[in-house]
Amino acid sequence: QVQLVTSGGGSVQAGGSLNLSCVLSGYLANANVNFMGWFRQVPYKAREGVAGVYRTTGSSYYADSVKGRFAVSLNIAKDTMSLQMKSLQPEDAAMYYCAAGWFTSNLPLLESPRYWGQGTQVTVSS
């Protein structure tokens, strides 16, 4: 089993910051997960891979829309992935999900993760 527990999110004014965290657990985590990422979705729009990191190499990936504003980090010892979001804009408002899977792609944000945590809402007011 693999579990992902998400925390953080909330409401902020444009230009503000928020942090998200995701804890990975489960006896199959090491065998089935080498990538953890953040994905977001708003109603009637396609899901977007926002940021993520390979547990094995530490390589991080970002959507163009968040580069320079979001930072993903991984605490291996705690199996916790964090997302620091700065300069938030109304277009960043969405339900954010932590997700994980086993990938070999150099475009992991375009993959479909097998495991998903519960979503956390990010609201940005203008």
Side-chain angles (χ1 to χ4, degrees):
Q1 295 284 353
V2 175
Q3 292 87 38
L4 298 165
V5 178
T6 307
S7 61
S11 298
V12 67
Q13 289 190 327
S17 301
L18 286 172
N19 295 322
L20 305 179
S21 291
C22 176
V23 180
L24 171 70
S25 64
Y27 69 93
L28 292 178
N30 285 335
N32 289 5
V33 173
N34 70 340
F35 180 83
M36 297 178 68
W38 295 97
F39 296 76
R40 66 187 182 188
Q41 185 150 30
V42 296
Y44 312 112
K45 292 186 69 175
R47 184 183 68 203
E48 179 185 22
V50 175
V53 57
Y54 274 108
R55 297 172 73 215
T56 46
T57 63
S59 297
S60 58
Y61 299 81
Y62 296 92
D64 288 343
S65 58
V66 306
K67 281 181 181 176
R69 300 187 299 120
F70 289 14
V72 64
S73 61
L74 184 65
N75 184 324
I76 292 290
K78 296 183 178 180
D79 264 332
T80 300
M81 175 182 62
S82 299
L83 183 67
Q84 185 178 46
M85 303 183 290
K86 297 181 177 180
S87 302
L88 283 161
Q89 300 302 316
E91 53 266 32
D92 295 314
M95 186 70 77
Y96 282 70
Y97 296 90
C98 172
W102 189 278
F103 307 138
T104 57
S105 170
N106 60 354
L107 296 173
L109 296 177
L110 299 181
E111 299 287 346
S112 295
R114 178 177 179 181
Y115 305 103
W116 292 82
Q118 82 280 16
T120 184
Q121 184 69 44
V122 170
T123 303
V124 184
S125 57
S126 57

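Any value given below was found using the heavy atoms of this structure, including those in side chains, with hydrogens, waters and symmetry copies removed.
- Put simply, Ile76 and Tyr27 are part of the same group of oily side chains (I, L, V, M, F, W, Y) that touch within less than 4.5 Å, one to the next.
- One hydrophobic cluster, built from ILVMFWY side chains closer than 4.5 Å, holds both Val53 and Leu83.
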Can you list the steps and then say if Arg69 with Asp92 is a side-chain contact (heavy atoms from CB on, under 4.5 Å)? CA-CA 11 Å; Arg69 300 187 299 120; Asp92 295 314; 2.7 Å; yes
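- A pairwise comparison of heavy atoms in Ser126 and Ala14 identifies CA-CB, 4.2 Å as the closest pair.
- Counted by atom type alone, Glu48 and Ser65 present one or more donor-acceptor pairs between their side chains at under 3.5 Å.
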Show your reasoning for whether side-chain contact (heavy atoms from CB on, under 4.5 Å) applies to Met81 and Leu24. CA-CA 8 Å; Met81 175 182 62; Leu24 171 70; over 6 Å; no
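- With hydrogens and angles disregarded, a donor-acceptor distance shorter than 3.5 Å links the side chain of Arg55 to the backbone of Val33.
- Taken from CZ in Arg40 to CD in Glu91, the straight-line distance is 8.0 Å, to the nearest 0.5 Å.
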Before giving the answer on ring-ring contact (aromatic ring centres under 6.0 Å, His included), spell out for Phe103 and Tyr54 the whole-Å C-alpha distance, their side-chain angles and the decisive distance to 0.1 Å. CA-CA 9 Å; Phe103 307 138; Tyr54 274 108; 7.2 Å; no
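- Rounding to the nearest 0.5 Å places CH2 of Trp38 at 13.0 Å from CG of Leu109.
- Neither Leu110 nor Tyr62 shares a network with the other; the hydrophobic side chains, linked directly or stepwise wherever heavy atoms of I, L, V, M, F, W or Y lie under 4.5 Å apart, form separate groups for each.
- When the side chains of ILVMFWY residues are joined at heavy-atom separations under 4.5 Å, either directly or via intervening members, Tyr61 and Leu74 end up in two distinct hydrophobic clusters.
- In the hydrophobic clustering of ILVMFWY residues, with side-chain heavy atoms under 4.5 Å counting as a link, Leu20 and Leu88 come out together.
- We find the CE-OG distance between Met36 and Ser60 to be 14.0 Å, quoted to the nearest 0.5 Å.
- Glu111 and Phe39 make their closest contact through O-CE2, 4.1 Å (heavy atoms, listed as atom of the first residue, atom of the second, distance).
- In this structure, the side chains of Thr6 and Tyr97 stay at 4.5 Å or more apart for every pair of heavy atoms.
- In this structure, CD in Gln1 is found 6.0 Å from CD in Gln3, a value given to the nearest 0.5 Å.
- Note that OH of Tyr96 and CG of Leu18 are 9.0 Å apart. Values are rounded to the nearest 0.5 Å.
- In this structure, the separation between OG on Ser25 and CG on Leu4 is 7.5 Å, given to the nearest 0.5 Å.
- Remark: the backbone N or O of Gly10 is not paired with any side-chain donor or acceptor of Gln121 at under 3.5 angstrom.
- Environment of CD in Gln41: crowded, with over 12 heavy atoms of neighbouring residues, nucleotides or ligands closer than 6.0 Å.
- The shortest non-hydrogen separation linking Val72 to Ala51 is CB-CB, 4.1 Å.
- Annotation for Ala63 and Gly49: closest pair CB-O, 3.3 Å, computed over non-hydrogen atoms.
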